[in-house]
Number of protein chains: 2
Amino acid sequence: MLGTIRRVGQLLDLFDEHHPEWGVTEVARALQVSKSSAHALLRSLATIGLLEQLPNSRYRLGWRTLALGSVLLTSSGIAGIARPAIDNLAKTSGETVNLAVLERGHVIFIERQPGAGGRFASAVPIGTPLPFHCSAVGKVLLAHRPPAEAQALLRTAAGFDRFTRNTITDKQRFQAELEQVRRQGYAFNLMEAFDNVCCVAAPVKNSLGLVVAAIGLSMPTHRFERHRDYYISALLAATRRVSAELGWEAETGGVA
Amino acid sequence: MLGTIRRVGQLLDLFDEHHPEWGVTEVARALQVSKSSAHALLRSLATIGLLEQLPNSRYRLGWRTLALGSVLLTSSGIAGIARPAIDNLAKTSGETVNLAVLERGHVIFIERQPGAGGRFASAVPIGTPLPFHCSAVGKVLLAHRPPAEAQALLRTAAGFDRFTRNTITDKQRFQAELEQVRRQGYAFNLMEAFDNVCCVAAPVKNSLGLVVAAIGLSMPTHRFERHRDYYISALLAATRRVSAELGWEAETGGVA
DNA sequence: CATCCATGTTCGCTAATAACGAACGAGCCG
DNA sequence: CGGCTCGTTCGTTATTAGCGAACATGGATG
């Protein structure tokens, strides 16, 4: 592990929606390095385009971060492979479909197809890290990590913040739910993040049987309650299709 | 400039749509460093999430790049400030509106509002680097760079590739066009990138009068020819509005 | 308008460390 | 089964990243 790059990681972690601009002194304090080191770090990252220096000589993320994300999306196997199935699922179900992966302990959506109504479209931006305890895709992704890693993630989780009356804030109960998710092969989100929004999610597996992503289907509660079984089967059909294209052969794999 | 970070920049440049996966040896050759150095670099970047190691132990961009781009979009001044004006322009004109910036010599779109028809929507992905010589926004952005920088960009330009019969491939003629763009305050793209697609673009200025972005309006040729003047005035109204919100005061500034 | 404080930036020195090359182990193809 | 290529590890050495002090700048304050 190169020290400079470890620092780059810490530095990039500083930038978020609530604090998108940082000065040299500020960064030096946050990373506990000297001002000159912080300066060298910031300036270098600005030179390669990962950061940008503002007229007031402070720094924020550079446009190159966008470009990198774009390259990933257009070249990543999963995004391209899953798109047809996702589009199809959105069209047949009429609901919003999300494709999500785990990124350093957080759920991020990497692709979305809004439903017929076009609601939820901008609910949560693509790429934004989300806590995993209040989303169906989060449950699915966490449920299929190695137990040791899942435990570590649960331990280091920033805390089970409550968003609605239904948010699961008890780790014990959450773990029990993960167990259920593993058994039944899909997860629910029953108004645990937003009032009146329910989701179903199921895992996408690659040729080794590893869960590399999750597809989620979001809708208003009343439609969920009415057509629950239909949504589940349509979703599972989609994840089966994507998994198959990734080389996963359902017949050979057991429930493990 | 920290050497390690300069290398990170070179390394990230390697990853593109045509070559999204790289192995250690390959990288070592490309960057002209030892295999062990390349390995340390790749592994470190994978640890902080900028890269990801695939099961076959090769590397590709990591999901964190998406997360970074998302933070930038949701926190950057320009994107949020310009959104209302862009949405409005798209609604009133019915055509596709793009917001673009210059990123290390390339044009990238950072935001888009598809027109009524919903065509062009996926023509060029958000964040993907584009050559500047065949887009209206590219002309605008380049025309307002300091002459020295613009010259350097023209020199290092990968070449004026031809995409349509109308693509400008002559640097002399392109420079003349930049001069005209500066004079009239907007730029055209007359089927220079795609057949049957025309664009108008105009600059967005901040409080110092610097051009920080460009707004472009894209449409089929026949509608462009019919309503050219309307599009121009609607576009200029939008850029004036956004520039004003960035603190630019048109009255005080000359043509300079 | 003058002063002061905080911040961004530069520079030389030194200790930390990143780069190298060789060696090891795994995987693939012939 | 043998040869090749690739990813990974390790110890040494030269590079360089980090530090602290000094300088420059700009905005706030009195």
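So that the names make sense, note that chain A is the first sequence line, chain B the second, and so on, each numbered from 1.
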- Query: For S57(A) and T4(A), take the nucleotide of DNA chain C holding the closest heavy atom to each; which residue's nucleotide lies nearer the 5' end?
  - Reply: S57(A)
- Taking atom P of dG7(D) as reference, at what distance in whole Å does atom CG of L51(B) sit? 14 Å
- Query: Does the side chain of R7(B) get closer than 4.0 angstrom to OP1 or OP2 of dA19(C) through an N or O atom?
  - Reply: yes
- Note on the structure: By nearest-nucleotide position on DNA chain C, the 5'-leaning member of W22(A) and G3(A) is W22(A)
- Taking atom NE2 of H106(B) and atom OG of S135(B), what is their separation to the nearest 0.5 Å? 12.0 Å
- Could you work out which one of dT8(D), dC19(D), dA17(D) sits closest to the side chain of V24(B)? dT8(D)
- Query: Parallel, tilted or perpendicular: which fits the ring planes of F132(A) and F160(A), with parallel below 30° and perpendicular above 60°?
  - Reply: perpendicular
- Item | Closest to the S37(A) side chain, choosing from dC19(D), dT9(D), dA18(C) | dC19(D)
- Query: Given atom CG of L2(A) and atom P of dT15(D), what is their separation to the nearest angstrom?
  - Reply: 17 Å
- Message: For a quick test of reading the model: is some side-chain N or O of Y59(A) closer than 4.0 Å to OP1 or OP2 of dT9(C)?
- Response: yes
- Message: What contact category does S34(B) fall into here, base, sugar-phosphate, or nothing, at under 4.0 angstrom with non-hydrogen atoms?
- Response: base
- Between dT9(C) atom C1' and L41(A) atom CG, what is the distance in whole Å? 15 Å
- Message: I'd like to know if K35(A) reaches the base of dG8(C) with its side chain, counting only an N/O donor and acceptor under 3.5 Å.
- Response: yes
- Query: Rounded to whole angstrom units, what separation is found between the CZ atom of R58(A) and the P atom of dT9(C)?
  - Reply: 12 Å
- Item | R29(A) CZ to dT7(C) C1', straight-line distance once rounded to whole Å | 10 Å
- When you match E26(B) and A40(A) each to their closest nucleotide on DNA chain D, which lands nearer the 5' end? E26(B)
- Task: Could you check whether Q53(A) gets within reach of a base, just the sugar-phosphate, or nothing at all, counting any heavy atom under 4.0 Å?
- Result: sugar-phosphate
- Task: Mind calculating the distance between CG (N56(B)) and P (dC28(C)) to the nearest angstrom?
- Result: 10 Å
- Item | Nucleotide of dT9(D), dG7(D), dG8(C) approaching S36(B) most closely (side-chain heavy atoms) | dT9(D)
- Task: Measure from the side-chain N and O atoms of R7(A) to the backbone N and O of L31(A), and report whether any donor-acceptor pair falls under 3.5 Å.
- Result: no
- Message: Can you give me the closest heavy-atom contact between V181(B) and A187(B), atom names plus distance?
- Response: CG2-CB, 3.5 Å
- Query: Are OP1 or OP2 of dT9(C) and a side-chain N or O of H39(A) less than 4.0 angstrom apart?
  - Reply: yes
- Mind calculating the distance between CG (L45(A)) and P (dA17(D)) to the nearest angstrom? 13 Å
- Query: Does a salt bridge link E21(A) with R60(A), judged by any charged N lying under 4.0 Å from a carboxylate O?
  - Reply: no
- Message: OP1 or OP2 of dG8(C) versus the side-chain N and O atoms of R43(A): is any pair under 4.0 Å?
- Response: no
